[in-house]
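I have placed the structure first, in the form of structure tokens, so that the comments after it can refer back to it.
Throughout, a chain's letter reflects where its sequence line sits, starting with A, and its residues are numbered from 1. From a predicted model like this one, the values you see are computed outputs, not experimental measurements.
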Amino acid sequence: MMNIEEKIKIIEKGTLEVISNDELNSKLEKKQPIAYTGYEPSGKIHLGHAITIAKLKSLQNIGFKIKILLADYHAFLNGKGSVEEIAEIAKYNEMCFRALGLTDDTEFVLGSTFQTKEEYTENVYKLATLTTLSRAKRSMDQVSRNSDNPKVANVIYPLMQVADMVALDVDIALGGMEQRKIQMLARENIDKIGDNIPVCIHTPLLHGLDGDEKMSSSKGNFIAVDDNEKEIKNKINKSYCPIGELDGNPIIEIAKYFIFTNQEKFTIKRPEKFGGDLTLNEDELIDMYSKEELHPMDLKSGVSDFLINYLKPVREFMEDD
RNA sequence: CCCGCCUUAGCUCAAUUUGGCAGAGCGUUGGACUGUAGAUCCAAAUGUUGCUGGUUCAAGUCCGGCAGGCGGGACCA
């Protein structure tokens, strides 16, 4: 049996922040603490999603009960389509998430199955009286579709997300950094409608393959978890990847957040005339790349090879089904 | 409920005055240059002009109806 410090180390790995560390201790004393992430159903599940799924997997490994919210109403409120369309997409998303290696014990919850219940609705109303408009809007900065005609739905959304945490009785709320402001709103208000304030864990966001601020399905600048080999190669090859530059470099980010969270060493095949194959750990790769001793094309081909292999189980799982 | 304004390429908008071949920038795609991408240069593609009826030889443009959006007024205090 692993002790609490070891577990905390695992939890913190690859995250940007854990709020707060102290509270994590008491959560870990529970028999089976609950960790959750909510996802708006999305046409494609991509590497950005996969970062959080990987984290959920590691939480599952150390004894957490995992609940994944398929946030159909949230997607609806965010203008992503009709409820029926979103329900279809949610089914597909569940398959993708399972394909990424979560155990059968993982609980998938469709938002609309509980988000109209009486206690839930009452909690949303209470939160509505506790939250200023500007705070609610601000919390949605990184989340909502920006529209010239913002809807009331935009401010209901974060309140529901807070109520979700109570309804699902979560001990850990995991999300990408774009969720931070909503998560903080939750931590500030949950004690007024429930009694279990979750520890909030935030993972890094991936830049888009085009170098854009964020990888997102609406921009088409992602690698989907069920992309085939050719698509993966193609997309990586077309990606923004300035020589010697680490910041905002999506290929470097994939190496950091996918390769080196899985393994110490990483082998890059490189033509003899450019120096031959390399086997590097994270620090060595970063060091070589920033010194321009590792060419982007070699990095790309190494990362492609890794992703093709990493996502192979997903493709197989999806084909079986 | 009333009045005014708006709706044109994936996006931002021109073209409406005076009806006369629907355009630009950005983005996209393809080439050139790079041992990647980007930047740069060259080239190309892209339209139910919100929908609908009418006037006209000819309608994005004028007239009517509808839908959506924005603003104001009215109602109520």
Between P of B:G38 and CD of A:E292, the distance in whole Å | 18 Å
Between B:G38 (C1') and A:N237 (CG): distance, integer Å = 14 Å
In whole angstroms, the gap separating C1' of B:A37 from CD1 of A:I243 amounts to 11 Å
Gap in Å between the two P atoms, one belonging to B:G65 and one to B:C3, rounded | 10 Å
For RNA chain B, the dot-bracket notation using Watson-Crick and G-U wobble pairs below 3.5 Å, [ ] for pseudoknot-type crossings and | for other-strand pairs, is (((((((..((((......[..)))).(((((.......))))).....(((((..]....))))))))))))....
Side-chain donor-acceptor pair present, A:Q183, A:H202, cut-off under 3.5 Å = yes
Can you check side-chain contact (heavy atoms from CB on, under 4.5 Å) on A:M184 and A:I19, steps first, answer last?
-> CA-CA 9 Å; A:M184 292 304 138; A:I19 302 168; 2.9 Å; yes
Short question: side chain of A:S239, backbone of A:K235 - any donor-acceptor pair under 3.5 Å?
-> yes
Interatomic distance where CG belongs to A:D212 and P belongs to B:G10 [whole Å] | 20 Å
Output the distance between atom CD1 (A:I68) and atom CD1 (A:I53), rounded to the nearest 0.5 Å.
-> 4.0 Å
Between A:F258 and A:Y310, what is the ring plane arrangement, given parallel below 30°, perpendicular above 60°, and tilted in between?
-> perpendicular
Check every strand shown and say whether A:D298 touches a base, only sugar-phosphate, or nothing at a heavy-atom separation below 4.0 Å.
-> base
What interatomic distance, in whole Å, is found between P of B:G64 and the corresponding atom of B:C6?
-> 14 Å
Go through A:F97 and A:Y39 one step at a time and tell me if the ring-ring contact (aromatic ring centres under 6.0 Å, His included) criterion holds.
-> CA-CA 11 Å; A:F97 292 145; A:Y39 300 94; 4.6 Å; yes
What distance, rounded to whole Å, do you find between the two P atoms, one in B:U17 and one in B:C33?
-> 49 Å
Using 4.0 Å as the upper bound for N to carboxylate O, is an ion pair formed by A:E282 and A:K256?
-> no
Positions of residues 247-263 of chain A (non-hydrogen atom under 4.0 Å from RNA chain B), listed by number | none
Within residues 265-291 of chain A, residues whose heavy atoms come under 4.0 Å of RNA chain B | A:F274
Classify the nucleic acid contact of A:K300 as base, sugar-phosphate or nothing, counting any heavy atom under 4.0 Å across all strands shown.
-> base
Pairwise C1' distance, B:A14 and B:G60 [rounded to whole Å] = 12 Å
What is the distance, rounded to the nearest whole Å, between atom CG of A:N221 and atom C1' of B:G10?
-> 15 Å
Can you tell me, in whole Å, how much space there is between the C1' of B:U49 and that of B:C21?
-> 15 Å
Whole-Å gap separating C1' (B:U34) and OH (A:Y240) = 16 Å
Can you tell me how far P of B:G38 sits from NE2 of A:H207, to the nearest Å?
-> 17 Å
Please state the C1' separation for the pair B:U18 and B:C13 - nearest whole angstrom.
-> 23 Å
Assess whether atom OH of A:Y257 is packed by more than 12 heavy atoms of other residues, nucleotides or ligands within 6.0 Å.
-> yes
For A:E213, does the CD atom have more than 12 heavy-atom neighbours from other residues, nucleotides or ligands under 6.0 Å away?
-> no
Between B:G30 and B:A45, how far is it from one P atom to the other, in whole Å?
-> 15 Å
Answer yes or no: does atom CG of A:D191 have more than 12 heavy-atom neighbours from other residues, nucleotides or ligands under 6.0 Å?
-> yes
State whether a side-chain donor-acceptor pair under 3.5 Å links A:H207 with A:E253.
-> yes
A:E245 CD to B:A37 P, straight-line distance once rounded to whole Å | 16 Å
Other residues, nucleotides, ligands: >12 heavy atoms within 6.0 Å of A:Q32 CD | yes
Whole-angstrom distance between B:C70 and B:U8, as gauged at atom P = 15 Å
Would you say the side-chain atoms of A:K55 pair up with the backbone N or O of A:I11, donor to acceptor, closer than 3.5 Å?
-> yes
